[in-house]
4 protein chains.
Amino acid sequence: MERLKRKRWLESMVSCRRDIHAHPEPGWMEYRTATLVASRLSALGYTVTTGKRACMPEARMGVPDAETIRTHEERALKDGVDPIWLEQMKGGYTAVVGVLGGAKPGPVIALRFDMDCVEVGESDAADHLPRQLRFASERPGLMHACGHDGHTAIGLGAAELIAERAGELAGEVRLLFQPAEEGCRGAKSMVEAGWLDGVNYLLCGHIGVKSSTLGEIVASVEGFLSTTKIDAVFRGKAAHAGESPHLGSNALLAACAAALHLHGIGRHGDGATRVNVGMLEGGSGRNVVPAEARMKLELRGETEALCEYMVRETGRILEAAAALYGVSCQWETVGSGMGGEGDRSLIPLIEAECSRMEAVGSFVASMPIGASEDATWMLRRVQEQGGRGVYMLFGSPLAAGHHQTSFDFDERVLGTAAELLVRLVFACPGWPEESDTGPAGGKE
Amino acid sequence: MERLKRKRWLESMVSCRRDIHAHPEPGWMEYRTATLVASRLSALGYTVTTGKRACMPEARMGVPDAETIRTHEERALKDGVDPIWLEQMKGGYTAVVGVLGGAKPGPVIALRFDMDCVEVGESDAADHLPRQLRFASERPGLMHACGHDGHTAIGLGAAELIAERAGELAGEVRLLFQPAEEGCRGAKSMVEAGWLDGVNYLLCGHIGVKSSTLGEIVASVEGFLSTTKIDAVFRGKAAHAGESPHLGSNALLAACAAALHLHGIGRHGDGATRVNVGMLEGGSGRNVVPAEARMKLELRGETEALCEYMVRETGRILEAAAALYGVSCQWETVGSGMGGEGDRSLIPLIEAECSRMEAVGSFVASMPIGASEDATWMLRRVQEQGGRGVYMLFGSPLAAGHHQTSFDFDERVLGTAAELLVRLVFACPGWPEESDTGPAGGKE
Amino acid sequence: MERLKRKRWLESMVSCRRDIHAHPEPGWMEYRTATLVASRLSALGYTVTTGKRACMPEARMGVPDAETIRTHEERALKDGVDPIWLEQMKGGYTAVVGVLGGAKPGPVIALRFDMDCVEVGESDAADHLPRQLRFASERPGLMHACGHDGHTAIGLGAAELIAERAGELAGEVRLLFQPAEEGCRGAKSMVEAGWLDGVNYLLCGHIGVKSSTLGEIVASVEGFLSTTKIDAVFRGKAAHAGESPHLGSNALLAACAAALHLHGIGRHGDGATRVNVGMLEGGSGRNVVPAEARMKLELRGETEALCEYMVRETGRILEAAAALYGVSCQWETVGSGMGGEGDRSLIPLIEAECSRMEAVGSFVASMPIGASEDATWMLRRVQEQGGRGVYMLFGSPLAAGHHQTSFDFDERVLGTAAELLVRLVFACPGWPEESDTGPAGGKE
Amino acid sequence: MERLKRKRWLESMVSCRRDIHAHPEPGWMEYRTATLVASRLSALGYTVTTGKRACMPEARMGVPDAETIRTHEERALKDGVDPIWLEQMKGGYTAVVGVLGGAKPGPVIALRFDMDCVEVGESDAADHLPRQLRFASERPGLMHACGHDGHTAIGLGAAELIAERAGELAGEVRLLFQPAEEGCRGAKSMVEAGWLDGVNYLLCGHIGVKSSTLGEIVASVEGFLSTTKIDAVFRGKAAHAGESPHLGSNALLAACAAALHLHGIGRHGDGATRVNVGMLEGGSGRNVVPAEARMKLELRGETEALCEYMVRETGRILEAAAALYGVSCQWETVGSGMGGEGDRSLIPLIEAECSRMEAVGSFVASMPIGASEDATWMLRRVQEQGGRGVYMLFGSPLAAGHHQTSFDFDERVLGTAAELLVRLVFACPGWPEESDTGPAGGKE
């Protein structure tokens, strides 16, 4: 790529990222972002699918209530979003898939990018770069504090280069722009819609996390914790706390008891588990027996079996805690991710490409992680069918940790990540010639 | 009563009390005491009923297990208890009723005395009087620390004087010697056996409690708390706490949670309630997930409705606490007493008799009490049928509070109490002449 | 009072009530209401005191933060409130006192009215009368759902009639318009400012509560529960709940433990107590160890000693619960009321006046109440100095219970209450002639 | 070894094991067992040390109270224990060390055996072999249910063979017979007394555990959990639960709260932890506010740092739980074991010897274990000084798991284990010739 063109390409990714950063959208309501992606991919020649065919309705998790969704749809229209795209995505179906078929047979390669923001208000500190450069979030309480604005920009940057080299392409490239990664809510719906079926190679990645040096690439993250996210609501009966406390049923105390007993779920002899009641609120007035309380919690396990153990214990405890106070409890799974590992057999391939890139200064084969990601749903489906995948880290210093109000990354990571992905697309060993263990549906 | 005879009578009560004190017997196993009572009453001319006809089997509460009962029966035989009486009482039917019919029609008057000891080891302090005078408990871990030895002696002393004046007697006198008052376990079984049916006057009483002056008589105690005593056992599954804690189900934690949540039962707007988990134990070894835990608790309420509220809450909490830890919980009511008040209309009668007694130095019409007693079952049955009753206090200084290892009373209270009861028996207004509101079955 | 004039007087109270109802103001920020009161009283000839001399700064409780107060001050200016009055009240000093001296010596009579609203949003149901008649709250989340709009209107209505009869007046009348009754926050500051010193008669009252019949007057409410309101905040340390939960200190679990253990404070043998953690919230994200939690709670006792027992237990439990999780806890008293009884010796006087009033259809001498009120601070001060007081109920049917979104009363109660108060002012036995046990400072 | 002699040797181990099995002794009170060991070692020519020089007094943990110790000393005298040995061991100093010096320089080799029983009553089931063969425990509530009777017999069997080959011996053999392994209480005191100083090779082992096949040898167990055992007592104030619950301070509820919150200690991101409140009891009577409660608990961690984290959390929670109820809590460490691994470099040596033994049918190089052992104190000391050690498993089928009432092993394991140990003593590479990394004090 000639220098000037590359400069323009890099600048376009930066400006794309800043545009998205200024207009953050929470999970399942990324109407503006998804429309941007869909129209850009279309223009580049990709066959674009969005709406219910991109993400299976029943497999979506943690979908906001209809009222909230409608509000965001109206907001999107005011933002000038093309009503034709919006119509397809309406109701919270904001996944976008762009497919580009190669000229000759070859492997199916999927790249995954997430698009949603975090519900955190952006810092207005004077030294916060997005503030200085005037691309800070224009929406109070919402912010791209995790880096998905960058991921989307990388995805579109890569899409452009791949499209340019369409003629060289063998097999098929699928660009998966996923909604609602926060809370592990969106990936499964794209898996269930079939987009990972037949995939030979899956490439995922994240800016930063445990890789804080610009120019560092971690080829494969290991040890994702299997996770389940649960929302629970306890409902009892209000009463005047002075005159007739016995007429009430205390939903708040039930929630408090649940929180304590959930954190007391016994250790498991087979490996690590986690529980966190991250948010709890209840009660309507100081002198009223609380009639309602809500909590958001998450469970994790080193393996899926361990996570399931935590979920089983949790179900029993939530019901029992409600029974302690004679109230009801309803809960639902609002997100989940699986455990899993990248395929180490892909590491040499990545290392080889990195070694050819000027921008990559340091290479790490693999790194353990104590967190969860719903890309694991995709990885699992690919691996079950005989394909392979990795979850990479794209190194960047961070102004503050992920999900914090002053989060920011070094935008130079965008070009590095996009370039690496494009290189890998064209470097993946051509199936079926070089492999005979690919997935059944992988051949065209 | 001539002086010498009275002296002998007083001495016989003292020696009877000391004999019983030295041989304390826990509830439902008062074989030696009950046999003593039964044979003495027989000798005095009373018609004696004991065994299952004296206390209805199904209405007994908190009966010890068969093994324990058998051990006490064997012990009683070794004590030299007459096997003929024992045969009748075997299996934990130690109530004794003595009936003496009058020469002419008149009211039915019942006197109630309790016989069981407390499971407390007696003090071996040098200044403990029963130790000094060599009548301290000969049975480790058992002691008459509540005064029921005195009550039984009073009952037999009164029986003697009443028998002497049998010719003057109108109506009928029923002497009810009740087992298992501790824990409120025995009275109901005598009620259900019918011994309170037709009773016009019920006289009950207790040495000491809130009356600590020798020579004081409290005519009527008010405000008994309704109470229910419950035993619960939690059963889970043991497991090695280091290798495989997840294979266990922790019964001890369930019991701990139950204890805390029971003490958190909400206040009731209608009046006072109480809860006390008095004893709890569980676990078999430091490194074993506890598979069993047991607790003894009691509930009280200013009214029966309030006590029932506590029982309802308790049942739900015990089950829910078990569910919290995936264990089972079984519980049973092992004792209960009702609320209630003595009949104030009897106070003048008692005051009049007291005023004629040299030994009575101070008279108190009524006194509130915050405790529970199962004599309330008897009082309730009598009142429901139109009869009247009181629960008196017989004043005595106490060496230490009830149920404490150094408990002792002033034996001079025995004569005072017995004399008052005899006087009342002969002073009770003769029904049916003076009343037309008596119970249906009260007439002979 | 001639008929037409009375009609106009009644209408002015109704319109005053509706005006206040449409413009509800929370405690310590009743700028518009207090200014209305102050200027009306001035116009009627009362000597008016407001600001810091009307309510002692340090004795105020539960004062909102400076930012909130400032916002309400700006809002009041926009409402057109006279800046001269506002300047006096600025910073949350919204008490207003109006004093009218009599022509001759006599008793000091204080009348107390409260002015603040509740933080409840008003119902927009079609059949909600204030909605139909277009005087519903114009401020979202704020509503006169307790009846203080009516109380203020009654106070101004009474002020007018008393002023008209100023010539007949002996002694002194003090009209106390109190801020921040909700949460028991305001009365003490007026007491500490001295306004109850020297008062011979204190007349307080409330629309509705336990008197739901129009035309009923309850002369004296008995058995206020002593109460203390507490706000607590727990502060710990956030951490990623998956990777490094051990780096966090869980403030939410500390709050939950505190809530449960507070509700487990043992019953007291001396009388009724209450505890209610009415609101609790904590945590910032599902996957973050919660670094902060807040709770609002209240304690009550049949007597002040019982309430103090609850406060002592609470302090210890809050600290211990924080220590359980290695977090800190800060708490403060944000409101309090005392126990207490009205003076029964005033009941005949009230009954006599009621019997002369056409509007009063039923008279109740006294009625028990299970609630708390900070008028008890005033009553206590008056009684300590030898004065007497009552807390009356002015009967009215209610559209919904107090503090509910559909609360409303029958406006005919305004005239009845105001007339009764005025009658009592002129009927109070003239001190010092008829009594020699009045308070030291009561004489002019 | 000729066949007949071997037969006699095997029989003597079996009869020794059965004798000890019939006379189980709990930790620090193994007077009969230790005397048996001491006199046998003496007779075989070992220099024997026992009493305070064998186990440092202050480093002993979980020592029973003086009264209990005295009772067992009297019992031992009645058993016919030689008073001269007893005199040395009196007060709970029952460690025994036998040292045999070689004819020439060489390594110091320590073998460790534990002697104490478990507080479990032995099964009286008809098919329980010790019952059938009449060597079941003669002491109610005490039983060798862990296999230490076998360990002691193995130690004495090995001692005999080593003594026979004393002439071949280079360096020094130290036989360490340790008291109080149960609860991890005894090993540290022998370490602190210096017996592991200068040791080049330490050989420990256990019958069964995770090796349940006769003839199997596991050369080295890995992954002991670091552990701390704690006893806690809560002391409050008793009160009548009906009349005056507020006068009490509830020690039982404090203990229950502690138990729940201890089990809620947060997971640690660095590795596995464990907590178990294995036993808890409290309260004196159903109607008495419990004034005392006791608990036995244990903590574990994959590393010592993790175990220390658990201990720190526990200390804070015990104090805070006491503070919740206004009671006191005292706790003490009554046992502890370290984490650690055997030296893998010794595995080939063990494998080589096993391959020469007819009785060894299967060899396992190493095996993970989720349990704790205080032999780790010894292993650690040896390793810190440059020595090496292993903890082996001697395979045997078990009639029931360790610590269960029907526990029993196949006595044929005794000969196999003893033979292997003797072989290893003579096979250990002769230091200093073959190694230059031995501990400073290891040379004679």
Side-chain angles (χ1 to χ4, degrees), chain A residues 234 236-254 256-273 287-290 301-303 305-329, chain B residues 234 236-254 256-273 287-290 301-303 305-329:
Chain A
F234 294 84
K237 217 173 95 196
H240 189 283
E243 293 167 33
S244 49
H246 59 284
L247 298 181
S249 300
N250 199 318
L252 175 57
L253 292 186
C256 288
L260 293 177
H261 289 292
L262 286 169
H263 279 261
I265 294 178
R267 270 83 170 161
H268 198 292
D270 293 349
T273 53
N287 63 345
V288 181
V289 175
E302 211 174 313
T303 64
L306 286 167
C307 190
E308 276 157 27
Y309 158 77
M310 296 300 284
V311 172
R312 265 197 318 278
E313 292 287 298
T314 295
R316 205 190 57 238
I317 288 170
L318 288 173
E319 288 207 355
L324 274 175
Y325 289 89
V327 306
S328 73
C329 178
Chain B
F234 294 84
K237 216 172 94 196
H240 189 282
E243 293 167 33
S244 49
H246 58 285
L247 298 182
S249 301
N250 200 318
L252 175 57
L253 292 187
C256 289
L260 293 178
H261 289 292
L262 286 170
H263 279 261
I265 295 177
R267 270 84 169 161
H268 198 294
D270 292 350
T273 53
N287 64 343
V288 182
V289 174
E302 212 173 314
T303 64
L306 287 167
C307 190
E308 276 157 27
Y309 158 77
M310 295 300 284
V311 172
R312 262 196 321 276
E313 292 288 297
T314 295
R316 205 192 57 238
I317 288 170
L318 288 173
E319 288 206 356
L324 274 175
Y325 289 89
V327 306
S328 72
C329 177

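Convention: sequence-line order gives letters A, B, ...; per-chain numbering from 1. On a predicted model such as this, the values are computed, not experimentally measured, just so you know.
For residues 320-327 of chain B, heavy-atom neighbours of chain A at less than 4.5 Å comprise B:Ala320, B:Ala321, B:Ala323, B:Leu324, B:Tyr325, B:Gly326, sorted by residue number. Identified by a heavy-atom distance below 4.5 Å to chain A, the contributing residues of residues 259-270 of chain B are B:His261, B:Arg267, B:His268, B:Gly269, B:Asp270, in residue-number order.
Residues passing the side chain to side chain contact (heavy atoms under 4.5 Å, CB included) test with B:Ser244, sequence neighbours excluded: B:His240, B:His246, B:Leu247. Remark: A:Arg312 engages no residue in a salt bridge (charged side-chain N to carboxylate O under 4.0 Å, His left out) (not counting sequence neighbours).
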